[in-house]
Amino acid sequence: MLTLNIILSRIYSSHNLTFAFLAGILFSIPWITFKLITPSLLLTLLLQFTSLIIVQLHTIILISFDPFLPLYLHTPKINAMAGTSVLQRTNFFSPPVDPSQSSDLSLRLKEQHCLSLLKSCKNLEEFKQAHAQIVKWGIFWNSFSASNLVAACALSDWGSMDYACSIFRQIDDPGTFEFNTMIRAYVKDMNFGEALAFYSEMFERGVEPDNFTYPALFKACAWLKAKEEGMQIHGHAFKLGFENDVYVQNSLINMYGKCGDIVHASSVFEEMDEKSVASWSAIIAANASLGMWNECLMVFGKMSSEGCWRPEESTLVTVLSACTHLSALDSGKCAHGALLRNISELNVIVQTSLIDMYVKCGCLEKGLSLFHRMAKRNQMSYAVMISGLAMHGHGEEALRIHSMMLEEGLEPDDVVYVGVLSACSHAGLVDEGFQCFYRMKSGHGIEPTVQHYGCMVDLMGKAGMINEALEFINSMPIEPNDVVWRSLLSACRVHCNLKIGEIAAKHLFQLNSQNPGDYVILSNMYARAEKWPEVAKVRMEMARKGLSQVPGFSLVEVERRIHKFVSQDTSLPRRKSIYEMIHQMEWQLKFEGYTPDTSQVLLDVDEEEKRQRLKGHSQKLAIAFALIQTTQGTPIRISRNLTMCNDCHTYTKLISIIYEREIIIRDRNRFHHFKDGTCSCRDYW
DNA sequence: GTAGGGTTAG
C-alpha cells in the first residue's frame, strides 16, 4: 500500500491531473482483481477521488471569477503550471488542499498572467496599460510582479529607462534581482555611468550582489575603459567567491582587453579551469585590439589544438584581420577553408574581411573574384576593394569600382575617398585625382580631411609637381600634419629637390616628429648631394633626440610560419645557405647585366663596403631564403616595413626572370608585383 | 519561476 502511495504521489507531482487520476485507477486494478480490497485501499481511493474533485472545483471556481478565464484555458503552459502547483500538495501525506493556501493559487495564476501580459507588450503604451492592470489586481507590490515589471520595461527596446527607473523607485525594498535588472538595462542602454551608480547604491543599501551582477559591470568598465574601477570590482567579485564563474571570467578578460591590459586578461584566462568558446574569443579579441597579431594567431592555433574550436564567424573575422596585418596568406587560406567547410553562407563582414586578407596578402585576383561574386555589398566592401586596387596600383580599375558603387546607389564615405585618391596617386592619374577631390565635396558633401589632403600632396609629389604640392599645402584650410609634410619630403627625395625637401623637413621637425625616418631621408638627400657636414648635423640632431634608425626588415611566410629578416643580419639560423644562395644569385645576375647601384648606399664608405651593404638588404635575404625553401614556380610573397631601394627593385625584377618566379612585395605604401622582369608599379612609386 | 559572457571588416 505504501509503495502504491509513493508511486502515485510521484506521478501527481510530475504529471497532469487527469493522468494521475487514471494512473490511480490503473494501479488499483490488481488489488481489486485479486480481491485484495481492504478498508485501507477503499479509504485511499475515496480520499483521492474527493480531493481531486475538490481541487478541480476549486480551480474552476477561482478561474470563473477571473476575467481572464479564456486566456488560462487557451494557454496550456499556464494551465499546466497552475495545475502542477496544486498537485504538488495533493498526496496522502498532506491534506489535499489547505484552505489558507487558496489565495496563493489565485496569486500564482495572476502572477503567471502578469508575466505573459508583460511579455506580449509591443511598446511603451501597451506596457503602461499592462502596468495599470497589474496595479488594479493589487499584485504590484508582490515582489515577483514588481521584478518582472522592472525587467520588462528596462530590458525592452523602447528607450524607456526613465519609466523603468520610476517603477524601480516605487519598490520599497528592491533586492538583488531588481538591481541586476537596472544595471543590465543601463549597460544595454550604453549608460555605463548610471549602471555603476546603481552598483554603488546596492552597496549603500546593503543588497548583496550575486554572480549575475558582475558581467554587466565589467562590460560597463570595458566600454568606459575604466581599468581602476574594473580592478576594484574584480576584487569584490572574487571576495564574494565568484572567481570560478565562467561568465564572470569571460567578461573580465574582455574588460582587461578593452582597457589594454593584456597581462591581467591573460592571467584570468590562464587560470580558468574550463575555457568556453567565448573565453577564447575574448582573449583573441583582446590580443587583436592591441595589435598583437602574432599572439592572436598563436592563441587561435592553441584553441584549435585544444579542441575548443567551433567555427564562429566573428572569431574568424578577428583571425583573418590578424592574417591581413601579418601578410600571413597560408593561415588566412586555412581560415577561409574552415569557413567554407562549416558555414553555408558567409555574411558580408566575413566576405569583406576575406577580400581584405587576400588583397593585402598580395592575391589581388582572388580578392577581385570574391568581390565580384558577392551577392550583396556594402560601403565597407567597396572601400576594401578600392583601397586594395589602389595598393596594387590599379587606378583605373579602382575608379571603375567606385563608379559601380555609385550606380548601386551606395553613398561613399570619407574612407572610400581616401582609397579613390590614393588609387589615383599610385597610378599617376593626376587629373582624375583632382576631379575626385572636388566631386567629393560638391557631389557628396564630404569635407576633405587631412588624410585627403595628404593623398593630394602625394599625388602631385609622385608626379613630380613639387612646387605645386608645396603651394597646395600652403593653401590648405586646415593645419597640415606630419603625414602631409612627410609625403612632400618623400617626393622631394625621389625627385631630388633638396630645397623644398629642407622646407618639408623643417616643418616636420617643428611638429616635433619622433619619426627617425624623416631624419634619415633628409640626411640621405644631403649625402646624395655630397653635403657631408649637413649629413653629420642631421645625424647628431637625431642622436640628441635619442632617435635611432629603424632597421629595415622583410617578412616571408613559408609553411605557415613567418620568417623575419633584418638588414645586414649575419646571425640568421640558416646563414650559410642563405649567403651561398645570395652568392649564386649574384653570378646569375651578372649574366643579365646587373651592376649594384651603389648610389643607393648613402654612407661615406668605399665602393666595396657599399656593395656588401647592398647585398645584405633584408629583401634580398628574404628572397634567397624563399628560393631555397619553396618549390620551383611557387610565388614568393614578402612584406616589408619600409619602402625598397632602387637597387632592390632592379634586382628583384631580374630575379623574377632568372628564377621564373612571381615575387610579390608589399612595402609600407603599396604592392610591387614582379613578373618576367617587370614590376606592376611600372617604376612609378 | 524571472537574468549573465566573447560579437567581428576598410
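Labels below follow one simple rule: chain letters A, B, ... track the order of the sequence lines, proteins then strands, and each chain is numbered from 1. This structure is a prediction, so every number in the text was calculated from the model and none was measured.
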### Task
Verify the ring-centre separation between A:F371 and A:Y382: is it less than 6.0 angstrom?
yes

### Aromatic ring proximity, centroids under 6.0 angstrom, A:F179 and A:Y199
no

### Query
Under a 4.0 Å N-O cut-off, is there an ion pair linking A:E408 with A:R377?
yes

Using a 4.0 Å heavy-atom cut-off, does [X] contact any base of the nucleic acid, only the sugar-phosphate backbone, or nothing at all?
X      : result
A:F218 : nothing
A:V416 : base
A:V415 : base
A:V277 : base
A:Q249 : nothing
A:N347 : nothing

### Message
Show every side-chain hydrogen bond (donor to acceptor under 3.5 Å, both in side chains) that has at least one partner inside residues 150-161 of chain A, sequence neighbours left out.
### Response
A:D157-A:K188

Measure the distance from [atom1] on [X] to [atom2] on [N] and round it to the nearest whole Å.
X      : N     : atom1 : atom2 : value
A:N244 : B:dG5 : CG    : P     : 19 Å
A:L118 : B:dG1 : CG    : P     : 19 Å
A:N180 : B:dG5 : CG    : C1'   : 15 Å

#### Entry: Shortest non-hydrogen contact from A:A130 toward A:C121
CB-SG, 3.9 Å

Does [X] get its side chain close enough to the base of [N], under 3.5 Å, for a donor-acceptor pair?
X      : N      : value
A:D245 : B:dG5  : no
A:S276 : B:dG5  : yes
A:Q379 : B:dG10 : no

### Query
Where along residues 253-264 of chain A does a heavy atom fall under 4.0 Å from DNA chain B?
A:N254, A:K258

### Message
With a 4.0 Å limit, can you tell me whether A:R108 has a side-chain N or O closer than that to the phosphate oxygens OP1/OP2 of B:dG1?
### Response
no

### Task
Quick one: list whatever passes side chain to side chain donor-acceptor pair (under 3.5 Å) with A:T449, sequence neighbours left out.
A:H452

### B:dT2 base stacked by A:F177 (centroids within less than 5.5 Å, tilt under 30°)
yes

### Query
Does B:dG4 have A:Y247 stacked on its base, where the ring centres are within less than 5.5 Å and the planes differ by under 30°?
yes

### Query
Is it the case that more than 12 heavy atoms not belonging to A:K302 sit under 6.0 Å from its NZ atom?
no

